[in-house]
Amino acid sequence: MSSLRQKSAPRWTAVFLLCAVLCCLFVPAVTVKHENFKKCDQSGFCKRNRQFADDVSASSSWTAPYALDPTSITFEKGQLNGVVLKILKEGEEKARLPLTVTFLDSGVARVTLDEEKRAKGEIDLRHDSKARKERYNEAGKWALVGGLKVFEGAALNAEAEQGYTKVVYGKGGKHQAVIRHAPFGIEFQRDGETQVKFNERGFLNVEHWRAKVEKVEEEKKEGEEEKVEDEKKEDATGEDESTWWEESFGGNTDSKPRGPEAVALDISFPGYEHVFGIPEHATRLSLKTTKGGDNAYDEPYRLYNADVFEYEMDSPMTLYGAIPFMQAHRKGSTVGVFWLNAAETWIDITKKKNTANPLALGVKGHTDTQTHWMSESGLLDIFVFLGPTPQDLTRQYGELTGFTAMPQSFAIAYHQCRWNYVTDDDVKDVDRRFDKFNIPYDVIWLDIEYTQEKKYFTWDPLTFVNPETMQKQLAKRDRKLVPIIDPHIKNTDNYPVIDELKKKDLAVKNKDGNQYEGWCWPGSSMWVDCFNPAAIDWWKGLFKYDKFKGSAPNTFIWNDMNEPSVFNGPETTMPKDNLHHGNWEHRDVHNINGMTFHNATYQALTERKKGELRRPFVLTRAFYSGSQRSAAMWTGDNQAEWAHLEASLPMVLNQGISGFPFSGADVGGFFGNPSKELLTRWYQAGIYYPFFRGHAHIDTRRREPYIPGSPYTEIITQALRLRYQLLPAWYTAFHEASTTGAPIIRPNFYIHPEDDNGFAIDDQLYIGSTGLLAKPVTKEGADSVSVYIADDQPYYDYFDYTSYRGAGHHTVPAPLEKIPLLMQGGHIIPRRDRPRRSSGLMKFDPFTLVVVLDKAGDAEGTLYLDDGETFDYQQGAFIHRQFSFDGARQVLSSANLDIGHRTVKCEKYLKTMEKVRVEKIIIVGAPKAWKNKEEVVVLEEGQKETRRKKSLPLEYHAAEGKKAAWAVVRDPGVWIGRGWRIDFGDKVAGHEHHGHEH
Ligand code: NOJ
């Protein structure tokens, strides 16, 4: 965020106006100011490590200076300990790097390398710094919540060759870590085949502590003889120390009290052509290489949470959040690494093609992906996942960092935002218009202007005179309000929040230990330091209803600018030598900072009132591994351009496989005014974002769905209705994410891991396990899309049942009013078909089940339901059903997936759902034999396990051209929460024939 976005800078107004006029004349492509953000060679440690890698690669005689001391190795209870020695000068000094390799129950291995001198505090800090001396070792405290149980069955392999230690681990002994002592390196094998290699290329680099040798240019004073000697020694090593001690960028100088302290390692994935993950970047799902060439970047991917104003497309530049989790995929295997480090990190990716050996018949050529990870400080702490499936990876990563929190049901419906709804009357008016146009929406948002002079926890007394009445109106249709609360606190008089922050000493400190002051929306500000437990406690208190006056039970919170964004800071963020609680430098914790803040807000929302136990909703812009436990995210300040719409799909898909699936992009594009076509297409795509919100910059024209007029408003309304109709399927997908770590929207490779033609596909998506396959239109003027089908199941158009069959690309019509959406055969999709004005009003609506038969005539699907609001589901208050259509027996049934005990809470919940029925069953690809079928028999399990039986007519629609046959059973009236079966096999004329018509 640059100061250009600040409204309150009158002296800039004239310049700004002039620029605006010029902008209109030339219509320039708005783009990021590259000069505000570092390139790798402007970030000392990145430059050093990239250079080091190049030197190592270029040298034929070089040997890596790291060796695991064999005499130091101990192995006990699933954990190997030892010391890696870094040879500093041949035969002389060595830096001792304690190594731990832990083998976990899940089959994951964790490798940690520390530095003894720093760990023991045996170093000197420069500039009298108060910073901690250790390498930052608390990233796990914030990121990890489980999955750390050690696998005691791990065992040393007695047959290891000289110079190696081998550990067999993983259930069934399928995994093996082959640790090479010198030079130190590890290969991780599954079933005897190497999947992941550490330090294959010798780029391991732990910058050990060293004292700065001051240069003495003037006359020597007494006692300085020694220093000069030392200086010569340093020079003798030939290392370039120009970026070791101080670094300046954009007018800021980083004092670097601990000198150079980077950690870096090369990690290779032999035989893996694709790598995914490491969000957040505006890039494709299958990550490009970074060292130049065709269709490649020439900068590494960067992870350094930053407010990047007008970010560009197709770029490895850093964005607002960081998840250092990478997966490598090839046919039949997915493996990965999680680099647990919160400091600035860069990742180079290269690919090595190994051509087929013409002499070895059957040995195919393959590609290795090689990566090089570099972090500015902290530990080397890496988790290695050996798959073999993409589902294994998302589950194991989720076990470590937590699964997505189950949201309230309103949170997955549509959110209406803009910067800004300007008064409480404006909000009420927007609310009324949605109703007038019969457009569903659940949440309206307030951006920073609702506050009194950007003082959070206040309302502007002139414009938001009566927040209570405003919220009462929203509550009538069970709608919610989400105001923004940012981490910067206005540094001003007569503002109790800043007074308390200062008095209680809970703000982030500068390098001298004084409360840090910088600039953000309110002008001079201070930042609450949520690394401090006392700050979290205080923050929680601010949200109590009697403190945040005007907030209500249907108020939830948006946390923005938490990278943190500091307008006058280096790279628009905090100086790295700032200090957090425990005297950790900001450098060490930067990427975690935003998460500590939204975690605190989440906790605050759970404690607003005693006894009010409802699931919070918090949206965050900055994030790290673990953010999924307490927030949703969005992709920040995109632009109203087709390219941004297109980029949002791989970005959101990538969030999903990286463990943070509750994500979305600003619908319509934040900056600029979308054409009506773009806006419409964006809504048609946005209905597939797990987090679905329209948002716009303060300078844009209004664009609520009712604004564009006919036919756009109707088409957008249809799209919104489709989202609302499928909310039961979305909610079920969220439940799956919250219990297994599976993404909510899924890329092709995740569903079809064997289909190597589809690994790079990132412009179409599957919704949960529903088999719904969507391909949003992202091109102007398009009237069709090409949908890639990976398997030989039948696929049907969602709306008219046109069938598509056969692996490969299919053209699906997509005029403006048409949303390309297919249903893969083999699924049962739960829907609610009655259009309503908010999801809350659908709570007790009946269900429709769409049974989409596969090529064998079978189908399966699940439905998860709960009160959508409280935590009672954790005590069994939910409905979880498995629907199956057995093609051989011609029976559709509903079975209970809740294997737990029927708790009191569960019975109570079931009672509230007693009247909720299935009102319609649609069978797509219905057997021909049903043509003459008149009725089906419904058998229902009663509350007292008695069975009722009734016959119902079956409505059959024969296939027509490409459109498949379908059948309908209306109003079977079976309970959604209980068991039942519907027999399609009885009373069938000619029922010996069960062929399908597609
Ligand atoms: C930056 C956010 O990314 C944007 O969504 C918001 O509207 C502005 N800050 C103002 O709060």
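Atoms within a ligand are numbered from 1 in the order they appear, just like the ligands themselves.
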Please indicate whether any nitrogen or oxygen in [X] is less than 3.5 Å from any nitrogen or oxygen in ligand 1.
X: Asp637; result: yes
X: Arg621; result: yes
X: Asp447; result: yes
X: Trp419; result: no

Hey, do the aromatic rings of [X] and [Y] have their centres closer than 6.0 Å?
X: Trp527; Y: Trp539; answer: no
X: Tyr320; Y: Phe623; answer: no
X: Tyr689; Y: Trp634; answer: no

*asked:* Applying salt bridge (charged side-chain N to carboxylate O under 4.0 Å, His left out) as the test, list every pair that has at least one member in residues 670-689; sequence neighbours left out.
replied: none

*Residues which pass salt bridge (Lys or Arg N to Asp or Glu O under 4.0 Å) with Asp560, listed by chain and number, not counting sequence neighbours*: Arg621

*asked:* Any atom of ligand 1 sitting under 4.0 Å from a heavy atom of Trp558?
replied: yes

Short list, please: which atoms of ligand 1 are under 4.0 Å from a heavy atom of [X]?
X: Ile484; result: 11 (O)
X: His695; result: 4 (C), 5 (O), 6 (C), 7 (O)
X: Trp634; result: 2 (C), 3 (O), 5 (O)
X: Phe670; result: 4 (C), 5 (O), 7 (O)

*Determine, for Glu571 against Arg302, whether the closest basic-nitrogen to carboxylate-oxygen distance falls under 4.0 angstrom.*
yes

